[in-house]
Amino acid sequence: MVKANPRRILFLSRWYPNRLDPMPGLFVKKHAEAAALHNDVALVHAFPMDLKNGIQFEIDRKKEDGFDSLVIYYQAVRCKIPGIADMIKGWRYLQYNFIGINILRKEGFKADILHLNILTRLGLIALWMKIRYGTPYIITEHWSRYLPITNTYHGLLRKAITKIVVRNAAITTVVTNNLRKAMQAHGLKSNYKIIHNVVDTDLFQINEKKEDLFTFVHVSCFEDRSKNISGMLEAIAALSRQRQDFRIMMIGEGEDLDAMKSKAKELKLNQIVRFYGLLENKNLSQTMSSGHCLLMFSNYENIPVVINESFACGLAVIATEVGGIPEHVDKQKGMLVKAGDKKALRDAMNHMIDHWSDFRPEKLRDYALKNSSKQAVAKSLDQLYTEAMSKK
């Protein structure tokens, strides 16, 4: 595809899929793919790991999905001395990000706009490039650390740097108003915009072939503190004492997967709950779309991408009214319950089984197409880049 007057956009991201885990920052990769529909995009990501044979760093470079990515694996810091170790880690992280940036610059890729993803250290690079080259930058923040319930946004130096970085950004984008308000409550002043995460609407589609029994689908990283899978299993067990005409698909893997399998067994849910492990791409979309409703019971969230993936599949959603979820899930697209309210979750599931046909798959998918498709997000990003360039 020929791009008319493409801008050069450099993505820098704290999170990105890597050799050890294909899931972190997958939404950043999808944003880069969307931006690349109309622009020349390169991405740099530095990732510490234990490299063998005295190797200091390796570069994994790919030119696919419409953009150029440089993932730099560098030797992790082995120093354990408090304070000193943190300084070395910070310096080394910035050093290898700059190595990637300089490779691109030597090849002629000099960014018109810098697109930062996840603060705070990368903000130092953005400030330097703005001062040195006059490159404007925008920020896309995904981290839930700013939310009151997580309470993990700490450190005087971090807060001071973050305020400067955010204030100097042309635009700061977030995926929900809830996150914007949380950041503003910390004194982070900026020109805020909402930008949706990308859903591959060609991959996630309505499936007319459904499971024989009504099937709820749960997809997560199996971290119980935030996802409250244990509470969800207890609600499922309570419903199973009323009726047996439903099943649960549990998709994903993570630190609490084994514990949740044990809990399901303890609750005698072996005939109702099925664990599928990690599914990706076509396997994920086909399995999800064969179900009837997405089920989430999180204690806290920003907005999980799986919600809009479910809409693309024509699935209604039952979820908790936390974070930015109520900005997307309303009575036309699903049901909301209070976090931790297992009785309310049981009742919502019971209602959904009997009234699933009230939710129209085509309307759910249309919402995803208009807000989360690659083309829709690409258009939104182009508007942001035009605005950022106007402030140069």
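Predicted model, so just to flag it, every value in this text is computed and none were measured. Note that the numbering runs from 1 along the sequence shown for the chain.
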Name every donor-acceptor pair, under 3.5 Å, that has one atom in a side chain of residues 250-271 and the other anywhere in the protein, sequence neighbours excluded.
unit_1: Asp256; atom_1: OD2; unit_2: Asp224; atom_2: N; d: 2.7
unit_1: Ser262; atom_1: OG; unit_2: Asp258; atom_2: O; d: 3.1
unit_1: Lys263; atom_1: NZ; unit_2: Glu234; atom_2: OE2; d: 3.0

State which residues pass side chain to side chain donor-acceptor pair (under 3.5 Å) with [X]; sequence neighbours excluded, sorted by chain then number.
{"X": "Glu321", "answer": "Lys338"}
{"X": "Asp358", "answer": "none"}
{"X": "Asp112", "answer": "Arg8"}
{"X": "Gln184", "answer": "Arg180"}

Below 30° counts as parallel, above 60° as perpendicular, anything between as tilted: where do the rings of [X] and [Y] land?
{"X": "Phe47", "Y": "His45", "value": "tilted"}
{"X": "Tyr367", "Y": "His196", "value": "perpendicular"}
{"X": "Tyr74", "Y": "Tyr96", "value": "parallel"}
{"X": "Trp15", "Y": "Phe27", "value": "perpendicular"}

Q.
Going by side-chain contact (heavy atoms from CB on, under 4.5 Å), name the residues that satisfy it together with Lys62, two or more places apart in sequence or in a different chain.
A.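 Scan of Lys62 (side-chain contact (heavy atoms from CB on, under 4.5 Å), adjacent residues dropped) gives Asp60, Glu64, Ser69.
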Between the side chains of [Y] and [X], is the shortest nitrogen-to-carboxylate-oxygen separation below 4.0 Å, so that they form an ion pair?
{"X": "Asp212", "Y": "Arg247", "result": "no"}
{"X": "Arg61", "Y": "Asp68", "result": "yes"}
{"X": "Asp65", "Y": "Lys30", "result": "no"}

Q. Do we get Arg105 above Phe98's six-membered ring, with its NZ or CZ under 6.0 Å from the centre and within 45° of the axis?
A.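 Judged by the rule (NZ or CZ under 6.0 Å from the ring centre, within 45° of its axis), Arg105 is not positioned above Phe98.
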Q. Relative to Phe359, does Lys333 satisfy both conditions: NZ or CZ under 6.0 angstrom from the six-membered ring centre, and within 45 degrees of the ring's axis?
A. no
Kindly give the heavy-atom pair with the smallest separation between [X] and [Y], and that separation in Å.
{"X": "Val44", "Y": "Ile72", "answer": "CG1-CD1, 4.5 Å"}
{"X": "Ala34", "Y": "Val198", "answer": "CB-CG2, 4.1 Å"}
{"X": "Gly340", "Y": "Asn228", "answer": "CA-ND2, 4.2 Å"}
{"X": "Ala170", "Y": "Ile138", "answer": "CB-CG2, 4.4 Å"}
{"X": "Ala316", "Y": "Leu364", "answer": "N-CD1, 3.5 Å"}

Would you give me the side-chain donor-acceptor pairs under 3.5 Å for residues 285-295, sequence neighbours excluded?
unit_1: Ser285; atom_1: OG; unit_2: Leu203; atom_2: O; d: 3.4
unit_1: Ser285; atom_1: OG; unit_2: Lys282; atom_2: O; d: 3.1
unit_1: Thr287; atom_1: OG1; unit_2: Asn283; atom_2: O; d: 2.7
unit_1: Ser289; atom_1: OG; unit_2: Asn207; atom_2: ND2; d: 3.4
unit_1: Ser289; atom_1: OG; unit_2: Ser285; atom_2: O; d: 2.8
unit_1: Ser289; atom_1: OG; unit_2: Gln286; atom_2: O; d: 3.2
unit_1: Ser290; atom_1: OG; unit_2: Thr287; atom_2: O; d: 2.7
unit_1: His292; atom_1: ND1; unit_2: Thr215; atom_2: N; d: 3.0

Between [X] and [Y] (side chain of the first, backbone of the second, donor and acceptor by atom type, cut-off under 3.5 Å), is there such a pair?
{"X": "Thr320", "Y": "Val322", "value": "no"}
{"X": "Asp330", "Y": "Pro326", "value": "no"}
{"X": "Asn53", "Y": "Ile55", "value": "no"}
{"X": "Arg92", "Y": "Gln75", "value": "yes"}
{"X": "Ser373", "Y": "Ala376", "value": "yes"}
{"X": "Gln242", "Y": "Leu239", "value": "no"}

Using a distance-only test with no angle check, is there a side-chain donor-acceptor pair under 3.5 angstrom linking [X] and [Y]?
{"X": "Arg365", "Y": "Thr201", "value": "no"}
{"X": "Tyr385", "Y": "His38", "value": "no"}
{"X": "Thr140", "Y": "His115", "value": "yes"}
{"X": "Asn39", "Y": "Asp382", "value": "yes"}
{"X": "Tyr146", "Y": "Glu141", "value": "yes"}

(Q) Distance check, rounded to the nearest 0.5 Å: Asn178 atom CG versus Ile325 atom CD1? (A)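 Nearest 0.5 Å value for the CG-CD1 distance: 9.5 Å.
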Q: Keeping to residues at least two apart or across chains, list the side-chain hydrogen bond (donor to acceptor under 3.5 Å, both in side chains) pairs with something in residues 157-172.
A: Thr120-Thr162, Thr172-Ser190
Q.
Under the criterion side chain to side chain contact (heavy atoms under 4.5 Å, CB included), I'd like the reasoning laid out for Met335 against Met349: C-alpha separation, chi angles, the key distance, then a yes or no.
A. CA-CA 9 Å; Met335 302 175 69; Met349 293 172 66; over 6 Å; no
Q. Other hydrophobic cluster members with Ile81, side-chain heavy atoms of Ile/Leu/Val/Met/Phe/Trp/Tyr under 4.5 Å, chained?
A. Val77, Ile84, Met87, Ile88
Q: Tell me, yes or no, whether the heavy-atom count around Leu156 atom CG, taken from other residues, nucleotides or ligands under 6.0 Å, exceeds 12.
A: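 No, not enclosed.
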Q. Just wondering, are more than 12 heavy atoms of other shown residues or ligands nearer than 6.0 Å to CH2 in Trp128?
A. yes
Compile the donor-acceptor pairs under 3.5 Å between side chains in residues 300-313 and protein atoms, sequence neighbours left out, one pair per line.
unit_1: Tyr300; atom_1: OH; unit_2: Arg225; atom_2: NH1; d: 2.7
unit_1: Glu301; atom_1: OE1; unit_2: Lys227; atom_2: NZ; d: 3.3
unit_1: Glu301; atom_1: OE2; unit_2: Lys227; atom_2: NZ; d: 2.5
unit_1: Glu301; atom_1: OE2; unit_2: Ser298; atom_2: OG; d: 2.8
unit_1: Asn302; atom_1: OD1; unit_2: Thr176; atom_2: OG1; d: 2.8
unit_1: Asn308; atom_1: ND2; unit_2: Ser372; atom_2: OG; d: 3.3
unit_1: Ser310; atom_1: OG; unit_2: Val306; atom_2: O; d: 2.8

Q: Show your working on side chain to side chain contact (heavy atoms under 4.5 Å, CB included) between Glu33 and Val41 and close with a plain yes or no.
A: CA-CA 8 Å; Glu33 291 175 13; Val41 175; over 6 Å; no
Q.
Between Leu116 and Leu114, does the side chain to side chain contact (heavy atoms under 4.5 Å, CB included) criterion hold? Intermediate values first, please.
A. CA-CA 6 Å; Leu116 292 186; Leu114 194 62; 4.2 Å; yes
(Q) side chain to side chain contact (heavy atoms under 4.5 Å, CB included) for Ile113 and Tyr137? Distances and angles first, verdict last. (A) CA-CA 6 Å; Ile113 299 172; Tyr137 65 91; 5.8 Å; no
Q: Evaluate side chain to side chain donor-acceptor pair (under 3.5 Å) for Asn117 paired with Arg14, printing each intermediate quantity in order.
A: CA-CA 6 Å; Asn117 290 267; Arg14 169 85 177 265; over 6 Å; no
Q | With Lys193 via salt bridge (Lys or Arg N to Asp or Glu O under 4.0 Å) - residues at least two apart | A | Glu387
Q) Does Lys343 have any salt bridge (Lys or Arg N to Asp or Glu O under 4.0 Å) partners at least two apart in sequence or in another chain, and if so, which? A) Asp347
Q. Heavy atoms, side chains only, cut-off 4.5 Å: are Ile101 and Leu12 in contact?
A.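 Result yes, sub-4.5 Å side-chain heavy-atom pair found.
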Q: Please step through salt bridge (Lys or Arg N to Asp or Glu O under 4.0 Å) for the pair Asp200 and Lys374, ending with a clear verdict.
A: CA-CA 7 Å; Asp200 187 341; Lys374 186 183 291 188; over 6 Å; no
